[in-house]
Protein chains: 2
Amino acid sequence: MTDRTGRRRDSERRDDDRRDLAAMVHPVLRLLVAAELPVLAAHDVSMWGYSVLTALDEGPVRTQATLAEAIGADKTRIIGTLDELQDAGLISRTPDPNDRRARLLSITDEGRRVRRAVRSDIRAKEKHLLARLTPAERTTFVRALEKLSALSPDDLPDAQGLP
Amino acid sequence: MTDRTGRRRDSERRDDDRRDLAAMVHPVLRLLVAAELPVLAAHDVSMWGYSVLTALDEGPVRTQATLAEAIGADKTRIIGTLDELQDAGLISRTPDPNDRRARLLSITDEGRRVRRAVRSDIRAKEKHLLARLTPAERTTFVRALEKLSALSPDDLPDAQGLP
DNA sequence: TATTGTTATACTCTATAACTATA
DNA sequence: TATAGTTATAGAGTATAACAATA
């Protein structure tokens with residue numbers, strides 16, 4: 001049934017023998033990032049910059065902290081990114097007249113153009129990777145990813161932060 | 001058909017409107033890592049340590065560089081990890097008598113025990129996450145991950161390193 | 001006093017290169 | 001001289017805390 005080290009033979013492989021999810025997801029992410037970096041570089045946008053453009057293309061945001069949280073970043077570390085995007089004319093960033101502490105953030109037409117150009121190039125590369133899957137696998141894989149990526153850490157068991 | 005900003009309404013959503021894969025995979029990995037860290041801490045193993053144990057549980061390895069490459073790490077950065085694992089008695093690490101430059105690496109019985117205990121705990125947490133998917137989605141998702149995680153950077157289009 | 005954004009500091013991770021020991 | 005491993009250094013990325021402006 002099992003060999004000396006406790007591993008099952010291929011013919012008897014069960015779901016149990018698979019690697020941990022993280023051990024599979026990590027290389028996949030590495031692959032995707034490797035595919036994206038040259039595209040981003042060609043369009044002169046950083047990874048965080050692209051993430052910001054994507055978020056703002058969904059609609060404007062009233063504070064930088066909100067935006068930072070939306071893309072899973074620290075509020076202090078997107079500042080440089082916002083500076084770059086603003087200098088490049090890809091986003092607009094002005095103090096809220098009603099509360100001058102906050103910065104109204106929105107994507108510009110040029111920003112939208114760049115974002116979509118980048119996305120189109122990335123899509124093309126993703127297509128090559130997803131071609132390794134059957135059409136049915138592709139659809140299900142993407143839907144599963146959408147579901148799982150929408151979860152928050154609070155959805156983990158025992159994830160209630162210690163008060 | 002599309003609203004002012006070019007977004008389609010939900011009822012007409014097409015595959016095209018999905019986020020980029022990396023934008024979905026990244027949060028999923030974050031979630032998985034958040035789930036794993038407390039487990040690893042409870043067993044006094046680092047993430048890299050666990051990765052090494054997993055690799056060595058597949059069988060012994062003759063050089064550290066080989067092991068490093070197998071787990072996608074730099075050969076210099078697993079040294080500390082190997083020190084810890086060895087001190088904890090979880091791996092054996094001895095010079096190859098035939099070529100004393102190389103280090104024969106293998107997992108110990110205790111290492112195997114720890115690795116499996118960790119894996120079992122991680123599996124339990126993964127189960128909670130995968131419960132968000134239907135059984136059919138689960139199976140397909142895992143299989144798709146297995147396929148994609150097996151790809152190398154060379155499988156990307158235009159990935160031929162410049163000579 | 002509380003909140004938003006910014007800057008400064010330190011800390012972690014990683015990569016590069018220099019070194020040792022074997023061959 | 002070439003290879004495996006180690007150590008040292010520096011660099012990038014990130015988080016923490018202090019600060020300035022506004023409310």
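A note on names: the letters A, B, ... follow the listed sequences, proteins ahead of strands, and every chain is numbered from 1. This is a predicted model, so every value here is computed, not measured.
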Is there side-chain contact between [X] and [Y], with heavy atoms separated by less than 4.5 Å?
{"X": "His128(B)", "Y": "Lys125(B)", "result": "no"}
{"X": "Leu56(A)", "Y": "Leu85(A)", "result": "no"}
{"X": "Arg115(A)", "Y": "Leu90(A)", "result": "no"}
{"X": "Arg103(B)", "Y": "Leu82(B)", "result": "no"}

Whole angstrom value for the distance that separates [atom2] of [N] from [atom1] of [X]:
{"X": "Lys75(A)", "N": "dG5(C)", "atom1": "NZ", "atom2": "C1'", "answer": "7 Å"}
{"X": "Ile78(A)", "N": "dT7(C)", "atom1": "CD1", "atom2": "C1'", "answer": "15 Å"}
{"X": "Met47(A)", "N": "dA12(D)", "atom1": "CE", "atom2": "C1'", "answer": "14 Å"}
{"X": "Gln64(B)", "N": "dA21(C)", "atom1": "CD", "atom2": "P", "answer": "16 Å"}
{"X": "Asp74(B)", "N": "dT7(D)", "atom1": "CG", "atom2": "P", "answer": "15 Å"}
{"X": "Gln86(A)", "N": "dG5(C)", "atom1": "CD", "atom2": "P", "answer": "13 Å"}
{"X": "Glu84(A)", "N": "dT6(C)", "atom1": "CD", "atom2": "C1'", "answer": "16 Å"}
{"X": "Glu69(A)", "N": "dG5(C)", "atom1": "CD", "atom2": "C1'", "answer": "16 Å"}

Problem set entry | Pairing of Glu126(A) and Arg123(A) as salt bridge, 4.0 angstrom limit |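 Answer for the salt bridge query: yes.
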Exercise. How would you label the contact of Asp99(B) with the nucleic acid (heavy atoms, under 4.0 Å): base, sugar-phosphate, or nothing?
Worked result: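 Asp99(B): backbone/sugar contact only, no base atoms under 4.0 Å.
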Under 4.0 Å between a side-chain N or O of [X] and OP1 or OP2 of [N]?
{"X": "Arg101(B)", "N": "dA23(C)", "result": "no"}
{"X": "Trp48(A)", "N": "dA12(D)", "result": "no"}
{"X": "Arg77(A)", "N": "dG5(C)", "result": "no"}

For this session: Would you mind telling me which of dT6(D), dT6(C), dT22(D) lies closest to the side-chain atoms of Ile79(B)?
Result: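 Looking only at heavy atoms from C-beta outward on Ile79(B), the closest nucleotide is dT6(D).
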Exercise. More 5' along DNA chain D: Asp96(A) or Thr76(B), using each one's nearest nucleotide?
Worked result: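 Residue closer to the 5' terminus by nearest nucleotide: Thr76(B).
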For this session: Name the residue closer to the 5' end of DNA chain D, choosing between Asn98(A) and Ala73(A) according to the nucleotide with the nearest heavy atom.
Result: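 Nearest-nucleotide comparison on DNA chain D picks Ala73(A).
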